[in-house]
Number of protein chains: 2
Amino acid sequence: MTEKSTKDKILDAAEAQFARHGFDGVSARDIARSASVDPALVNYHFGNKRAVFDAVMLRRAEVLNNERQQALDFVLRRHHPNPAPLDEIIDAFTHALLNRAQTGGQEWRDYFALLGQINNTPEFGGSIMTQFFDPLVHRFLDALRATLPEADEADLMWCYHFLSGALTLTFAATGRIDSLSNGLCKSTDFDEVHKRLVPFICAGFRSMCGPEVGPIQES
Amino acid sequence: MTEKSTKDKILDAAEAQFARHGFDGVSARDIARSASVDPALVNYHFGNKRAVFDAVMLRRAEVLNNERQQALDFVLRRHHPNPAPLDEIIDAFTHALLNRAQTGGQEWRDYFALLGQINNTPEFGGSIMTQFFDPLVHRFLDALRATLPEADEADLMWCYHFLSGALTLTFAATGRIDSLSNGLCKSTDFDEVHKRLVPFICAGFRSMCGPEVGPIQES
DNA sequence: AATGAAATTCATCACGTGTTGAAAAAGTTT
DNA sequence: AAACTTTTTCAACACGTGATGAATTTCATT
């Protein structure tokens with residue numbers, strides 16, 4: 001392992017702290033202490049605390065958006081000129097995320113936990129999510145519209161909203177389902193979630209935005 | 001309108017502030033200022049800041065839990081000895097919440113926004129939600145098991161988890177769907193959500209935990 | 001080895017934090 | 001009216017906050 005730069009040490013520490021305590025629950029000194037770095041370096045490298053937060057959000061968002069974009073393009077191309085099957089679109093939307101959460105280590109889990117908080121927070125939920133993820137989301141919505149041509153636009157948007165809520169609560173991994181299920185289900189077992197999330201969400205979409213069209217029906 | 005007690009003024013102000021900025025984003029002085037009250041009164045009446053937070057959470061949780069309990073009992077009794085239909089159970093779970101959010105005024109909307117945050121927060125999501133809502137949730141899970149007798153236990157729990165996520169993102173009302181839909185959908189139009197949430201979630205449950213049994217199938 | 005830029009340390013600023021205790025005021029009971 | 005309790009006010013506490021500027025060290029380039 002090549003040794004980390006100070007900037008990366010700060011980013012990593014900030015990510016972990018923000019994920020656990022939220023933006024306002026963490027001080028610049030907390031971050032510096034957690035990164036084993038002088039407090040002034042936080043401001044030297046990033047300007048201010050909020051800029052650290054934005055940098056944390058941006059870093060992995062770029063990676064994820066590329067992966068998800070490619071997954072969607074792959075699915076669309078494979079079925080072209082027919083619309084892609086619903087479950088493949090939903091899978092392309094979720095797979096990169098849940099796969100990283102499962103196998104990416106604590107750093108990725110921290111990032112997703114942070115995402116889960118952000119999405120449900122008035123100060124950030126509207127702006128940050130929009131800023132980092134809306135362009136990609138619009139592409140997925142286009143794919144969904146092609147597959148569900150009879151879908152009412154508002155229905156489609158609310159279905160996406162439900163998907164977003166189910167997904168981000170999963171990311172938050174608060175441990176609630178662990179206690180609620182007496183340990184049967186584990187918040188951090190994202191593979192188990194993925195197996196169930198895709199069919200659950202697809203069924204929801206179909207019930208409201210169906211019928212689904214595609215190559216299967218036309219053969 | 002009878003004039004508010006100091007304690008209620010503090011609770012109301014705290015609720016609004018916590019909903020907007022989270023626990024750590026609000027100081028005891030912020031609350032006092034927003035309540036037009038001397039800062040020392042916050043500690044005089046509640047002991048410390050965290051106790052204010054807990055009091056805010058508890059106040060409306062009791063009201064809601066009673067309403068939802070009654071709604072569930074009513075549905076179960078009406079269909080006894082048959083299991084209640086899935087959609088009626090889900091409606092009993094969500095109706096009191098979304099109805100209050102729609103018609104209860106800003107104070108209730110603040111409370112739900114706070115709930116939406118809490119549920120996705122590691123520090124509170126596990127403990128506070130469990131503390132205030134688990135007994136009721138277990139009753140709903142029992143009703144679901146009766147209606148979906150073939151359901152795998154883990155499947156059922158994850159389906160509930162998806163419901164919880166979709167619901168609490170709705171409560172958070174971050175305005176994201178407003179911008180994502182170019183104003184077609186409004187975060188605060190909880191009636192529109194309710195219309196769609198119940199069938200969406202029911203379809204999800206059925207696809208994974210079905211088949212549903214009940215009086216209709218047996219006639 | 002000398003030079004200049006980048007990175008790091010340290011002390012410090014003005015202000016906000018949660019909380020407390022003593023004094024004053026308001027309200028209640030005898 | 002007197003005695004008592006509850007509530008409110010005000011000042012203060014020790015400490016943490018985000019951020020800055022000057023001095024120092026580290027480093028790469030000549």
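Convention: sequence-line order gives letters A, B, ...; per-chain numbering from 1. Hydrogens, waters and symmetry mates are skipped; everything else that's a heavy atom, side chains included, is used. The shown structure was predicted, so the numbers you read here are calculated from the model rather than taken from an experiment.
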> Does B:R77 have any salt bridge (charged side-chain N to carboxylate O under 4.0 Å, His left out) partners at least two apart in sequence or in another chain, and if so, which?
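With sequence neighbours excluded, B:R77 shows a salt bridge (charged side-chain N to carboxylate O under 4.0 Å, His left out) to no residue whatsoever.
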> Could I get a table of every N or O pair under 3.5 Å where one atom is in the protein and the other is in nucleotides 5-11 of chain D?
residue : atom : partner : partner atom : Å
D:dT7   : OP2  : B:Y44   : OH           : 3.2
D:dT8   : OP1  : B:T6    : OG1          : 2.5
D:dT8   : OP2  : B:H45   : NE2          : 2.9

> Does a nitrogen or oxygen in the side chain of B:N43 sit under 4.0 Å from OP1 or OP2 of C:dT19?
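For B:N43, the contact criterion (side-chain N or O under 4.0 Å from OP1 or OP2 of C:dT19) is met.
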> For DNA chain D, which residues of residues 11-36 of chain B approach it to below 4.0 angstrom with any heavy atom?
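Contacts with DNA chain D under 4.0 Å: B:R29.
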> Using atom types as modelled and distance alone, determine if a side-chain donor or acceptor of A:K4 lies under 3.5 Å from a backbone N or O of A:D12.
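Such a contact is absent between A:K4 side chain and A:D12 backbone.
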> Just distance, no hydrogens or angles: give the donor-acceptor pairs under 3.5 Å from side chains in residues 123-142 of chain A, sequence neighbours left out.
residue : atom : partner : partner atom : Å
A:E123  : OE1  : B:H21   : ND1          : 3.4
A:S127  : OG   : A:E123  : O            : 3.3
A:T130  : OG1  : A:G126  : O            : 2.5
A:D134  : OD1  : B:R176  : NE           : 3.4
A:D134  : OD1  : B:R176  : NH2          : 2.8
A:R139  : NE   : A:Q69   : OE1          : 3.4
A:R139  : NH1  : A:Q69   : OE1          : 3.2
A:D142  : OD1  : A:R145  : NH1          : 2.8

> A:N48 CG to D:dT20 C1': how many Å, rounded?
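Answer to the nearest Å: 13 Å.
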> Please confirm whether the backbone N or O of A:S34 pairs with a side-chain atom of A:Q17, one donor and one acceptor, at under 3.5 Å?
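No.
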> Applying side-chain hydrogen bond (donor to acceptor under 3.5 Å, both in side chains), run through A:Q106 and A:D110 and close with a yes or a no.
CA-CA 6 Å; A:Q106 190 59 44; A:D110 287 339; 3.0 Å; yes
> With B:D24, which residues qualify under salt bridge (charged side-chain N to carboxylate O under 4.0 Å, His left out), at least two apart?
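Salt bridge (charged side-chain N to carboxylate O under 4.0 Å, His left out) check on B:D24 returns nothing, list empty.
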> So that I can tick it off, tell me whether B:K195 and B:D191 are bridged by a salt bridge, with the cut-off set at under 4.0 angstrom between side-chain N and carboxylate O.
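Salt bridge flag = no for B:K195 with B:D191.
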> Considering only residues two or more places apart or on different chains, which pairs with a residue in residues 89-98 of chain B satisfy side-chain hydrogen bond (donor to acceptor under 3.5 Å, both in side chains)?
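Counting only pairs at least two positions apart or across chains, the side-chain hydrogen bond (donor to acceptor under 3.5 Å, both in side chains) contacts touching residues 89-98 of chain B are B:D91-B:H194, B:T94-B:H194.
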